[in-house]
Student: 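Input: one structure, supplied below.
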Amino acid sequence: MAIREKIPDGLTRRAQYFVRIHGYRIPDPGVEQHRAQWLEHGIPAAEIDRAVAYQEIWGGIALPPSPHYDGGPSSLSADVPEGAKAEGWWFGAGPQRTALPYSFMIGPEGEFGIHSGTWVSLHGSIAGWVESMALADHARRCARTITTVTGEAVEALQLDGLEPVLEVAGRADTWWRGADSLVAVYRGEAECMLAPQCRTATIYSGLDEWGLKGLGA
């Protein structure tokens, strides 16, 4: 069903619009029902609480495919926590749309990232991931030209003088705002799979003041 109410708090107006117009919520049974079983398997109650809290806010939200990571999670949904006290705990953030060599997970500090033996935090929060998707959708619609570069060409980009887009809470993936352009830099797959050729950046050019931000964001 379409999302008309209960848009998660803390999103910019641009991201709220993106979730409301392009997202929908599917039935999701939640994870509270698994608490007793997970406790029996040694999962700390605090980690189960984190998964439950995530599920209560984001569970069942399905968004359009992201431009990378083969579209991102098909929907947002918590899964069984895994980890250990020494290294921290993760839990699944939502199922993959396609077969991928990594999983989408929420990290020990609430980060959103990908895990395949190696953990890579893409954004400092799930909200940051949603903000990045909303910004990509907005930039694609507003830009006069869109240019993509990969591999070593990503490191050659001149980002000095551009301001970071803070709402995306960038970690491995970052967004930058210039005088008339937005630049999205994606390093997550490259770091997770030790594959530098997977570095990608997209430059959205020819943006006016509204195009650079949108909806008062």
Student: Heavy-atom count check: over 12 atoms from other residues, nucleotides or ligands less than 6.0 Å from Glu209 CD?
Tutor: no
Student: Is the ring pair Tyr186/His68 parallel, tilted or perpendicular, if the boundaries are 30 and 60 degrees?
Tutor: tilted
Student: Side-chain contact test, heavy atoms from C-beta onward, threshold under 4.5 Å: evaluate it for Thr200 versus Val149 and give yes or no.
Tutor: no
Student: Nearest 0.5 Å, what's the CD1-CD1 distance between Ile57 and Ile126?
Tutor: 11.0 Å
Student: Please examine the side chains of Arg97 and Asp70, heavy atoms only from C-beta on, and report whether any two atoms are closer than 4.5 Å.
Tutor: no
Student: Indicate, with yes or no, if the rings of His115 and Tyr102 have centres closer together than 6.0 Å.
Tutor: no
Student: Are Val52 and Trp58 in one and the same hydrophobic cluster, where Ile, Leu, Val, Met, Phe, Trp and Tyr link if side-chain heavy atoms are under 4.5 Å apart?
Tutor: no
Student: Can you tell me how far NE2 of His41 sits from NE2 of His34, rounded to the nearest 0.5 angstrom?
Tutor: 12.0 Å
Student: Is a side-chain N or O of Tyr54 found less than 3.5 angstrom from the main chain of Ala93, in a donor-acceptor match?
Tutor: yes
Student: Using a cut-off of 6.0 Å, state whether more than 12 heavy atoms not belonging to Glu87 lie near its atom CD.
Tutor: yes
Student: Test your reading of the model: is there a side-chain donor-acceptor pair from Arg35 to the backbone of Ile48, 3.5 Å cut-off?
Tutor: no
Student: With no hydrogens and no angle check, do the side chains of Tyr69 and Asp173 hold a donor and an acceptor under 3.5 Å apart?
Tutor: yes
Student: Tell me, with the steps shown, if Arg171 and Leu122 meet side-chain contact (heavy atoms from CB on, under 4.5 Å).
Tutor: CA-CA 5 Å; Arg171 297 290 179 85; Leu122 304 181; 5.8 Å; no
Student: Could you tell me if the side chain of Ile7 sits less than 4.5 Å from the side chain of Arg20, heavy atoms only?
Tutor: yes
Student: Can you find a pair of side-chain heavy atoms, one from Leu63 and one from Val130, that are under 4.5 Å apart?
Tutor: yes
Student: Judged by modelled atom types alone, do Ser125 and Glu111 share a side-chain donor-acceptor pair under 3.5 Å?
Tutor: no
Student: Under the 3.5 angstrom rule, does the side chain of Arg50 hit a backbone N or O of Trp89 as a donor-acceptor pair?
Tutor: yes
Student: CD1 of Ile21 to CD of Gln16: how many Å apart, nearest 0.5 Å?
Tutor: 11.5 Å
Student: Measure the OG1-NZ distance between Thr12 and Lys213 for me, rounded to the nearest 0.5 Å.
Tutor: 11.5 Å
Student: Would you check if Leu11 and Val19 make a side-chain contact, meaning some heavy-atom pair closer than 4.5 Å?
Tutor: yes
Student: Taking side chain as C-beta onward, heavy atoms only, is Arg140 less than 4.5 Å from Ile146?
Tutor: yes
Student: Got a donor-acceptor contact below 3.5 angstrom from the Ser116 side chain to the Pro101 backbone?
Tutor: yes
Student: Can you tell if the side chain of Met105 reaches within under 4.5 Å of the side chain of Ile114, non-hydrogen atoms only?
Tutor: no
Student: Atom CZ in Arg177, atom CG in Leu166: separation rounded to 0.5 Å?
Tutor: 8.5 Å
Student: Got Arg144 and Ser205 here, is their nearest side-chain heavy-atom distance under 4.5 Å?
Tutor: no
Student: Sub-3.5 Å donor-acceptor pair from the side chain of Ser75 to the main-chain atoms of Pro73, do we have one?
Tutor: no
Student: Within the side chain of Gln55, is there an N or O that forms a donor-acceptor pair under 3.5 Å with the backbone of Ser77?
Tutor: no
Student: Apply side-chain contact (heavy atoms from CB on, under 4.5 Å) to Gln96 and list each qualifying residue two or more places apart in sequence or on a separate chain.
Tutor: Leu100, Ser103, Phe104
Student: What pairs of residues pass the ring-ring contact (aromatic ring centres under 6.0 Å, His included) test when at least one of them lies in residues 127-152, not counting sequence neighbours?
Tutor: Phe112-Trp129, His138-Trp210
Student: Counting only heavy atoms not in Asp9, do more than 12 sit closer than 6.0 Å to its CG atom?
Tutor: no
Student: Is Leu159 linked to Tyr204 within one hydrophobic cluster, defined over Ile, Leu, Val, Met, Phe, Trp and Tyr using a side-chain heavy-atom separation of less than 4.5 Å?
Tutor: no
Student: Please tell me whether Trp38 and Trp90 are part of a single hydrophobic cluster in this structure, the criterion being side-chain heavy atoms less than 4.5 Å apart.
Tutor: no
Student: For the hydrophobic clusters of this structure (ILVMFWY residues joined by side-chain heavy atoms under 4.5 Å, transitively), does one cluster hold both Val154 and Leu162?
Tutor: yes
Student: Distance alone, cut at 3.5 Å: any donor-acceptor contact between the side chains of Thr174 and Trp176?
Tutor: yes
Student: Starting from the C-alpha separation in whole Å, work towards a yes-or-no answer on salt bridge (Lys or Arg N to Asp or Glu O under 4.0 Å) for Glu189 and Arg199.
Tutor: CA-CA 7 Å; Glu189 284 190 340; Arg199 290 169 293 180; over 6 Å; no
Student: Assess the residue pair Leu182 and Trp175 against the criterion (side-chain contact (heavy atoms from CB on, under 4.5 Å)); give the C-alpha distance rounded to whole Å, side-chain angles, the decisive distance to 0.1 Å, and a yes or no.
Tutor: CA-CA 7 Å; Leu182 286 164; Trp175 277 79; 4.0 Å; yes
Student: CD1/Ile106 to CD/Glu47 distance, rounded to the nearest 0.5 angstrom?
Tutor: 12.5 Å
